[in-house]
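Below is one structure, written out as structure tokens, with a few remarks after it.
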Amino acid sequence: MNKEIYALGIGHNTPVFIDLALDCGYTIAGLYHYNNERTGEFDHGFQIIGSFDDLFAQKDLTGKNFLLTMGDSNIRESLAKQITSLGGKVPTLIHPTAVISRFAQISPNGVYISAFSFVQADSIVGDNTVILSHVNISHTTTIGKGCFIAGCATVGAYTVVEDHVFIGQGALSISAKVRRIGCNSYIGARSLITKDIPENVIVAGSPAKILKTK
């Protein structure tokens, strides 16, 4: 199995995801920036070998692994589609200290689960979702595609978190009371979710209230 991986995106999240890849046994083969301004430079000890345009000009990425380090889920999904269309792979990375139930289903495509997080039995995690450290995904819960769940958040049992949801640090949704968090919604840090959340809204507070519709 090829354990070399190329990282895309140079920013504040980059070393966080590089740490995850290294802890999962990968070696960093090089970095790609969104443009050519930093080609040849080093970031956290790893060389920036080109731009996204340079990468996709190769036309064939078969056998190569890629790490998507940007926080924007829409950009991550778009890049993942381009990479896989050219034969490349965006592997799922699960930190060795994460606890994943044998009865959970984790997509093999671009899921990142950081240290000391839990995914309980009969839960599902979709493509290109990021779960940071000390997160608890309770049993019988579905996390959609392209979600971002920040550190120390808890998603209660029997909840469907739809695609492209952001859940902030320390947020808590209550098991059985929250059946759905609608797609593209943004949950503020330390929010207490006590009822269903519609799509395309920003909520915050304890209990959480809708602050804005996107």
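Quick note: numbers below take in every heavy atom, side chains included, and nothing from hydrogens, waters or symmetry partners.
A distance of 8.0 Å separates CG of Leu55 from CG of Leu86, quoted to the nearest 0.5 Å. With rounding to the nearest 0.5 angstrom, the CG atom of Asn184 is 4.5 Å from the CG atom of Asn200. For the atom pair CG of Leu79 and CZ of Phe66, the computed distance is 10.5 Å after rounding to the nearest 0.5 Å. Atom OG1 of Thr14 is separated from atom CG of Leu67 by 8.5 Å, given to the nearest 0.5 angstrom. Rounding to the nearest 0.5 Å places OG of Ser138 at 8.5 Å from CG of Leu172. Atom CG of Asp127 and atom NZ of Lys81 lie 10.0 Å apart (nearest 0.5 Å).
Counting only distance, with no hydrogens or angles, the side chain of Ser117 and the backbone of Ala98 share no donor-acceptor pair below 3.5 Å. The backbone N or O of Gly9 sits less than 3.5 Å from a side-chain atom of Thr69, completing a donor-acceptor pair. Judged by distance alone, with hydrogens and angles left aside, the side-chain atoms of Thr92 form a donor-acceptor pair with the main-chain N or O of Asn109 at under 3.5 Å. Checked by atom type and distance alone, the side chain of Ser123 pairs as donor or acceptor with a backbone atom of Thr141 at under 3.5 Å. A side-chain donor-acceptor contact under 3.5 Å links Asp72 to the backbone of Ile75. Side-chain N or O atoms of Thr84 include one that pairs as donor or acceptor with a backbone N or O of Ala80 at under 3.5 Å. Between the side chain of Asp163 and the main chain of Gly144, no donor-acceptor pair closer than 3.5 Å is present. A donor-acceptor contact shorter than 3.5 Å is absent between the side chain of Ser133 and the backbone of Phe116. Ser175 places no side-chain N or O within donor-acceptor distance of the main-chain N or O of Gly156, the cut-off being under 3.5 Å.
Checking each of Ile131, Leu132, Thr129 against Phe148 for a side-chain contact (heavy atoms from CB on, under 4.5 Å) leaves exactly one that passes, namely Leu132. The one candidate from Tyr6, Tyr112, Phe46 that meets the ring pair (Phe, Tyr, Trp, His ring centres under 6.0 Å) condition with Phe17 is Tyr112. When each of Ile187, Ile167, Thr159 is paired with Ile193, the side-chain contact (heavy atoms from CB on, under 4.5 Å) condition holds for Ile187 and for no other.
Side-chain contact annotation: Asn136 with Gln120, donor-acceptor N/O pair under 3.5 Å present. A side-chain donor from one of Asp60 and Thr62 sits under 3.5 Å from a side-chain acceptor of the other.
Within the 4.5 Å cutoff, the side chain of Leu93 has no heavy atoms near those of the Ser114 side chain. Residues Val155 and Val178 fail the side-chain proximity criterion, which asks for heavy atoms closer than 4.5 Å. The closest side-chain heavy-atom distance from Ile49 to Leu31 is not below 4.5 Å. A 4.5 Å side-chain heavy-atom check between Asn65 and Tyr26 finds at least one atom pair inside the cut-off. The closest side-chain heavy-atom distance from Ile5 to Ile28 is below 4.5 Å. Taking the side chain as every heavy atom from C-beta outward, Ile143 and Ile149 approach each other to under 4.5 Å. Lys89 has its side chain out of reach of Lys64: every pair of non-hydrogen atoms, C-beta onward, lies at least 4.5 Å apart.
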(request) List the steps, then state whether side chain to side chain contact (heavy atoms under 4.5 Å, CB included) holds for Cys183 with Glu199. (result) CA-CA 5 Å; Cys183 63; Glu199 62 185 28; 3.4 Å; yes
(message) Please evaluate residues His33 and Glu41 with respect to the criterion side-chain hydrogen bond (donor to acceptor under 3.5 Å, both in side chains), reporting the C-alpha separation (whole Å), side-chain torsions for both, the decisive distance (0.1 Å), and the verdict.
(response) CA-CA 10 Å; His33 192 41; Glu41 295 180 14; over 6 Å; no
(message) Applying side chain to side chain contact (heavy atoms under 4.5 Å, CB included) to Leu8 and Ile83, what does each step give before you reach the verdict?
(response) CA-CA 11 Å; Leu8 275 66; Ile83 288 166; 4.1 Å; yes
(request) Determine, stepwise, if the pair Ile174 / Leu192 fulfils side chain to side chain contact (heavy atoms under 4.5 Å, CB included). (result) CA-CA 8 Å; Ile174 297 178; Leu192 175 62; 4.0 Å; yes
(message) Using the rule given for side chain to side chain contact (heavy atoms under 4.5 Å, CB included), can you reason through Val161 versus Thr142, listing the C-alpha separation, both sets of side-chain angles and the distance that settles it, and then say yes or no?
(response) CA-CA 6 Å; Val161 178; Thr142 296; over 6 Å; no
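Using a 4.0 Å cut-off between charged side-chain N and carboxylate O, Arg180 and Glu162 make a salt bridge. The pair Lys177-Asp196 fails the salt-bridge criterion, with no side-chain N (NZ, NE, NH1 or NH2) lying under 4.0 Å from an Asp/Glu carboxylate O.
Other residues, nucleotides and ligands place more than 12 heavy atoms under 6.0 Å from the NZ atom of Lys214. Heavy-atom neighbours of Arg190 CZ from other residues, nucleotides or ligands within 6.0 Å: at or below the threshold of 12. Annotation for Lys3: atom NZ counts as buried by contact number, over 12 foreign heavy atoms lying within 6.0 Å.
Ring pair Tyr158/His139: centre-to-centre distance below 6.0 Å. Taking the ring centroids of Phe166 and Tyr186, they lie under the 6.0 Å cut-off.
Val130 is connected to Leu22 through a chain of hydrophobic side-chain contacts under 4.5 Å among Ile, Leu, Val, Met, Phe, Trp and Tyr, so both are in one cluster. When hydrophobic clusters are built by joining Ile, Leu, Val, Met, Phe, Trp and Tyr residues whose side-chain heavy atoms come closer than 4.5 Å, directly or via intermediates, Ile94 is not grouped with Leu68.
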